[in-house]
Amino acid sequence: MITSLNSATFIGIDAVLVNVEIFIANGIPGIMIVGLPDVSTKEAKDRVKAAIKNSGFEYPVKKITINLAPADLKKEGPLFDLSLAIGILISAGLLKCVLNLNDYIIAGELSLNGNIKKVNSIIALSILAKKINKKLIIPCENINSAKFLGVDFIAFSHLKDICAFISGSRFNETSAEKDSVYIHNIKAVREYQESEIEVKDVAFLEGITQDIDNNVKDRENYPDFFDIKEQELAKRAIVIAVSGHHNILMVGPPGSGKTMLAQSIEGIQPNLSLEESIETSNIYSFSNKKISNEAGLIIRRPFIPVHHTVSIAGLIGGGASNPLPGDISLAHNGVLFIDEFSELSKKTLDSLRQPMEDKAINLSRSRFSIVLPSNFMLVAAMNPCPCGYYGDIKHECKCSSAEIYKFYTKLSGPILDRFDIFIEVYSAGLDKLIVNKKTASSSEIKNLIEKTRQIQLKRFQDSGIRFNAGVKSSKIEKYFAVSDTALELAQSAVKKLNISSRGYYRILRVSRTIADLDAKDEIDDSSVLEALNYRNTNLLRV
Ligand SMILES: [Zn+2]
């Protein structure tokens, strides 16, 4: 008899349905798996055999043929174990099945004693299941993630438990194994989700998950806004950038505090929505970075510092078979911070252009191509010239004008055109004159930014847009109300300053965020004037 079950494999960060067919016949005893299995799928034979024996079943002494379809798809990982074991038992007539298994995608690695081990890519599996209207059969260890993902599932911790469930027999309630059996009733899951449906942000997860990742502790050493003195102009620019997810470039001499300013962003980024968290967490589940909280979800917007010597594969993603996500994807829905931005090679700079434009990176391999999301906010910092002191009042710049010209032209054009905000950061002391107001702390600033984010979410409801920076030029008129005088101001400035049309739309987006920070319905003159100020840089005059 042929048994047909559903499991899955992965292309990039997407799960793809795999049909597992098991056929058992008389003949020389053995097991053959066809359909391009990788090494771990071959190893599955031994694990499945031992797990079946250790779950109280006889292993059939027959010729077992297993076909994984579609055949041209590379199958990765030990995810198939559970479907193989169940299929063998059903095909051999050793397990009666009262469940319509076609409604389920089965995923789980078996250990030799029959325990079902955690799968890493539960998010991708649940996205697939929802898309094709199926439910999941998963390991118990994945329950805490699965319940946030809006997918119907049942979970087991041992092969013999799932066999009992499939065959319709009841569990032995008095057995000590009761606690190891976890059947998530599908109705109960739905009720659970409905009760949580109002939760739009994952900040609440911080309270209910125990974060054991030591890296997180290190990360909390970011500077507080309150501790950064005498940089009010730069801080204002940063608040605007983070509020609207605008790319920002900070230029200033060494020691002016650019790096500290950039690092402070980590403490003021707005909360992640559950949807954003799932997107970003799915990327992490395919990387070497572990999410160690119980829910398996990223709970803060990423802040990814990148060194200027980064390889292109490290930056945009790469690897021979199934490419690993690069820093730009790990920063999805958060910040990519590049210090010493002008030190990036021309090639590396160029590699950023397409993903910054498309908010996703397309990586082609010989047999397939994958798309990884990369909707990051770029925060870059650099010196104003090769020696670092061009424009500084305390030090003399030792560069020739030819050197400065060369330095600027390397960056000019397409890559500079992708920044919304340029800010010159001087050594502390220069803008003392304007520092009379009270300095806000990071948590106060975060609250302000959060309010601005809510205004944007309301504006872009159901459009897929999340921040002002994400509005396409063609949609600006639809979403942004601009006063007549402000529009005139922006248009005449564009003519006078010879700003590109791309630059014009960037000014409007930044103006919109400035107006949102003041809770203004319309972009007015003062919003445009301030936005224009953030394009006032020597870099754009080369
Ligand atoms: Zn210099």
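Quantities reported herein were computed from a predicted structural model and do not represent experimental measurements. Any value given below was found using the heavy atoms of this structure, including those in side chains, with hydrogens, waters and symmetry copies removed.
- Using a 4.5 Å heavy-atom threshold, the side chains of Ile338 and Leu344 count as touching.
- Separating the CD1 atom in Ile106 from the CG atom in Leu125 is a distance of 12.0 Å, to the nearest 0.5 Å.
- Between the side chain of Gln456 and the backbone N or O of Thr452 there is at least one donor-acceptor pair closer than 3.5 Å.
- Between the Tyr59 side chain and the Ile52 main chain, no donor and acceptor come within less than 3.5 Å of each other.
- No side-chain N or O of Lys160 forms a donor-acceptor pair with one of Asn54 less than 3.5 Å apart.
- Across all their heavy atoms, Val151 and Ala146 have their closest contact at CG1-O, 4.1 Å.
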Take Glu109 and Lys117, measure what salt bridge (charged side-chain N to carboxylate O under 4.0 Å, His left out) needs, and give me the verdict at the end. CA-CA 5 Å; Glu109 177 184 351; Lys117 295 206 272 193; 3.7 Å; yes
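- Side chains of Asn6 and Lys134 form a contact here, defined as non-hydrogen atoms less than 4.5 Å apart.
- Here the side chain of Gln269 pairs a donor or acceptor atom with the backbone of Pro302 at under 3.5 angstrom.
- Residues Ala124 and Ile13 approach most closely at CB-O, 3.6 Å, considering heavy atoms.
- One finds a salt bridge joining Glu279 and Arg466 here, because a Lys/Arg side-chain nitrogen approaches an Asp/Glu carboxylate oxygen to under 4.0 Å.
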Show your reasoning for whether side-chain contact (heavy atoms from CB on, under 4.5 Å) applies to Ile166 and Ile86. CA-CA 9 Å; Ile166 287 173; Ile86 294 168; 3.7 Å; yes
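- Looking only at side-chain heavy atoms (C-beta outward), Val119 and Pro139 come within less than 4.5 Å of each other.
- For the pair Lys135 and Tyr104, the cation-pi criterion (under 6.0 Å, within 45° of the ring axis) is fulfilled.
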- Query: Can you list the steps and then say if Phe10 with Ile370 is a side-chain contact (heavy atoms from CB on, under 4.5 Å)?
  - Reply: CA-CA 10 Å; Phe10 305 95; Ile370 68 165; over 6 Å; no
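- Within the 4.5 Å cutoff, the side chain of Ile2 has no heavy atoms near those of the Ile22 side chain.
- Side-chain contact annotation: Ser351 with Thr348, donor-acceptor N/O pair under 3.5 Å absent.
- Within the 4.5 Å cutoff, side-chain heavy atoms of Ile132 are placed close to those of Ile105.
- Between the side chains of Gln354 and Asn362, no donor-acceptor pair of N or O atoms lies under 3.5 Å.
- Looking at Asn102 and Asn100, their side chains never bring a donor and an acceptor atom within 3.5 Å of each other.
- Of the possible donor and acceptor atoms, one in the side chain of Ser329 sits under 3.5 Å from a partner among the backbone N and O of Pro373.
- The nearest pair of heavy atoms linking Gly87 to Thr3 is O-OG1, 3.8 Å.
- Counting non-hydrogen atoms of other residues, nucleotides and ligands closer than 6.0 Å to CD of Glu58 gives a total of 12 or fewer.
- The main-chain N or O of Ser277 is found under 3.5 Å from a side-chain atom of Ser281 such that the two form a donor-acceptor pair.
- Atom-to-atom distance recorded for Asn67:CG and Thr65:OG1 is 9.0 Å, nearest 0.5 angstrom.
- Under 3.5 Å, the side chains of Thr513 and Ser243 contain no donor-acceptor pair of N or O atoms.
- The two atoms that bring Val48 and Ala85 nearest to each other are CG1-CA, 3.8 Å, heavy atoms only.
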*asked:* Please determine whether side-chain contact (heavy atoms from CB on, under 4.5 Å) holds for the pair Ile449 and Lys446, giving the CA-CA distance in whole Å, both sets of side-chain angles, and the decisive distance to 0.1 Å.
replied: CA-CA 5 Å; Ile449 289 174; Lys446 190 182 169 200; 5.6 Å; no
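- Under the 4.5 Å side-chain criterion, counting only non-hydrogen atoms from C-beta, Asn468 is not in contact with Tyr479.
- For Lys131, the NZ atom is loosely surrounded, since the number of other residues' heavy atoms within 6.0 Å does not exceed 12.
- Under a 3.5 Å cut-off, the side chain of Ser91 and the backbone N or O of Phe23 do not form any donor-acceptor pair.
- Ring pair Phe341/Phe419: centre-to-centre distance below 6.0 Å.
- Counting only distance, with no hydrogens or angles, the side chain of Ser463 and the backbone of Ile465 share a donor-acceptor pair below 3.5 Å.
- With rounding to the nearest 0.5 angstrom, the CG atom of Asp161 is 8.0 Å from the SG atom of Cys140.
- Distance alone, capped at 3.5 Å, is enough to place a donor-acceptor pair between the Ser442 side chain and the Phe225 backbone.
- In summary, the side chains of Thr280 and Asn333 do present a donor paired with an acceptor at a separation below 3.5 Å, with no hydrogens or angles considered.
- Around NZ of Lys49, the count of heavy atoms belonging to other residues, nucleotides or ligands within 6.0 Å does not exceed 12.
- Smallest separation of non-hydrogen atoms from Leu17 and Leu128: N-CD2, 3.7 Å.
- The distance from atom CZ of Phe303 to atom CD1 of Ile268, rounded to the nearest 0.5 Å, is 10.0 Å.
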### Query
Passes side-chain contact (heavy atoms from CB on, under 4.5 Å), Met356 versus Asn247? Steps please.
CA-CA 10 Å; Met356 283 180 79; Asn247 298 327; 3.4 Å; yes
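- Using a distance-only test at 3.5 Å, with no hydrogens or angles considered, a donor-acceptor pair links the side chain of Arg301 to the main chain of Asn271.
- A heavy-atom distance below 4.5 Å is not found between the side chains of Phe467 and Asn375.
- In plain terms, the two heavy atoms of Ser273 and Arg453 that are nearest each other are N-NH2, 3.6 Å.
- In this structure, Lys130 places its NZ atom where more than 12 heavy-atom neighbours from other residues, nucleotides or ligands lie under 6.0 Å away.
- Using a 4.5 Å cut-off on side-chain heavy atoms (C-beta onward), Leu324 and Phe286 make no contact.
- Side-chain atoms of Arg509 come within 3.5 Å of backbone N or O of Val471 as a donor-acceptor pair.
- Contact check on Asp350 versus Arg353 returns a salt bridge, with a Lys/Arg side-chain nitrogen under 4.0 Å from an Asp/Glu carboxylate oxygen.
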